[in-house]
There are 2 protein chains.
Amino acid sequence: MDKQHSQCPVEFTVNMVGGKYKLVILYQLAIHGVRRFNELRRELSNITPRTLTRQLRELESDGLINRQVYSEIPPKVEYSLSETGKSLYSLLLQFEKWGLNYMANNPK
Amino acid sequence: MDKQHSQCPVEFTVNMVGGKYKLVILYQLAIHGVRRFNELRRELSNITPRTLTRQLRELESDGLINRQVYSEIPPKVEYSLSETGKSLYSLLLQFEKWGLNYMANNPK
DNA sequence: CTGTATCCTACTCGATACTG
DNA sequence: CAGTATCGAGTAGGATACAG
């Protein structure tokens, strides 16, 4: 994604949280605080486990989310926003707000 | 893109302004007010005319930008934010702000 | 429950040449 | 100047089965 080579701050942020699911994942984590793998899977209607795993790994390696593994059986893994991820909060709210507003003014 | 079938407002907005260039285009229009085709082309470093055309057409058909054609030779076309597009202003600023901040705290 | 492993499709975007 | 036409490559993401 060439994340480090973007001069434009908007382009940089897009490269960071772009794609079909990342902002929605972050949004769910922002709303709920903590989510488990299968909870996210249900909330992102059609995502496949392979894709969800990849998105979560990328978000983690970019430092936007935390992954907390509990060594139990059955396994339990909790995802949550990191401090950096939380700094996206108002951006996420803008997305929510704009979407709600657009949908309200352009009913299907 | 199934724009009308998103229940989640965040997902809806992502479908609207997602992709590699749309937010950057909107950002340039927000900054400069009015831009011509080749001005945008220069500002979006590596975009091809084909891709730029497609992004602009999609933004136009979604009602986010205006396309003003002047019947002159040589041709002149000006792009600008529509009222709906302008309602993305604070969202665009969040992208700019977050990118600047992240880059400042994570120097290359 | 939380993933991996394979395989595959579809779509986005790039390169390049050309036009009114 | 503002695009269009063709062609092609890369990759995001889907389907499905399986594993620790």
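Chain letters run A, B, ... following the sequence lines, proteins first, then strands; residues in each count from 1.
- Place A:P75 and A:T48 on DNA chain D by their nearest nucleotides, and A:T48 ends up nearer the 5' end.
- Distance B:E78 CD to D:dA2 P: 9 Å, rounded to the nearest Å.
- Note that the CH2 atom of B:W98 and the CG atom of A:L91 stand 8.5 Å from one another [nearest 0.5 Å].
- Regarding B:I25, its CD1 atom lies at a distance of 14 Å from the P atom of C:dT12, rounded to whole Å.
- Summarising the geometry, the separation between CG on B:L56 and P on D:dC1 is reported as 16 Å, rounded to the nearest angstrom.
- Counting distance only, with no hydrogens placed and no angle test, the side-chain atoms of A:R50 and the base atoms of C:dG3 include no donor-acceptor pair under 3.5 Å.
- Between A:R41 and the phosphate of C:dG3, there is no side-chain N or O to OP1/OP2 separation shorter than 4.0 Å.
- The residue among A:Y79 and B:Q55 whose nearest nucleotide of DNA chain C is located toward the 5' end is A:Y79.
- When rounded to the nearest whole Å, the span between CD of B:Q68 and C1' of D:dC1 equals 16 Å.
- To the nearest 0.5 Å, atoms CE (B:M16) and CD (B:E11) are separated by 13.5 Å.
- As rounded to whole Å, 16 Å separates atom C1' of C:dA15 from atom CG of B:L52.
- Regarding B:R54, its CZ atom lies at a distance of 13 Å from the P atom of D:dA5, rounded to whole Å.
- One interatomic measurement links the two molecules: NZ of A:K20 to P of C:dT12, which rounds to 10 Å at whole-angstrom precision.
- Residue A:L56 holds its CG atom at 5.0 Å from CD1 of A:I65, rounded to the nearest 0.5 Å.
- The nearest heavy atom of DNA chain C to A:P74 and to A:P49 marks one nucleotide each, and the one closer to the 5' end goes with A:P74.
- Just one of B:H32, B:R67, B:R35, B:E39 meets the side chain to side chain donor-acceptor pair (under 3.5 Å) condition when paired with B:Y79; it is B:R67.
- Counting only distance, with no hydrogens or angles, the side chain of A:S80 and the backbone of A:V34 share no donor-acceptor pair below 3.5 Å.
- For B:R42 and D:dG3, the CZ to P distance is 14 Å, given to the nearest whole Å.
- Between A:F12 and B:Y102, the distance separating the two ring centers is shorter than 6.0 angstrom.
- Phosphate contact (OP1/OP2 of D:dG3, side-chain N/O of B:R67, threshold under 4.0 Å): present.
- Overall, the helix from C:dC1-D:dG20 to C:dG20-D:dC1 carries an axis bend of 60° between its ends, with five pairs at each end and the value rounded to 10°.
- A:Q28 CD to B:C8 SG: the interatomic distance, rounded to the nearest 0.5 Å, is 6.5 Å.
- For B:R36, whose side chain is taken as the heavy atoms from C-beta onward, the closest listed nucleotide among C:dC13, C:dT2, D:dA2 is D:dA2.
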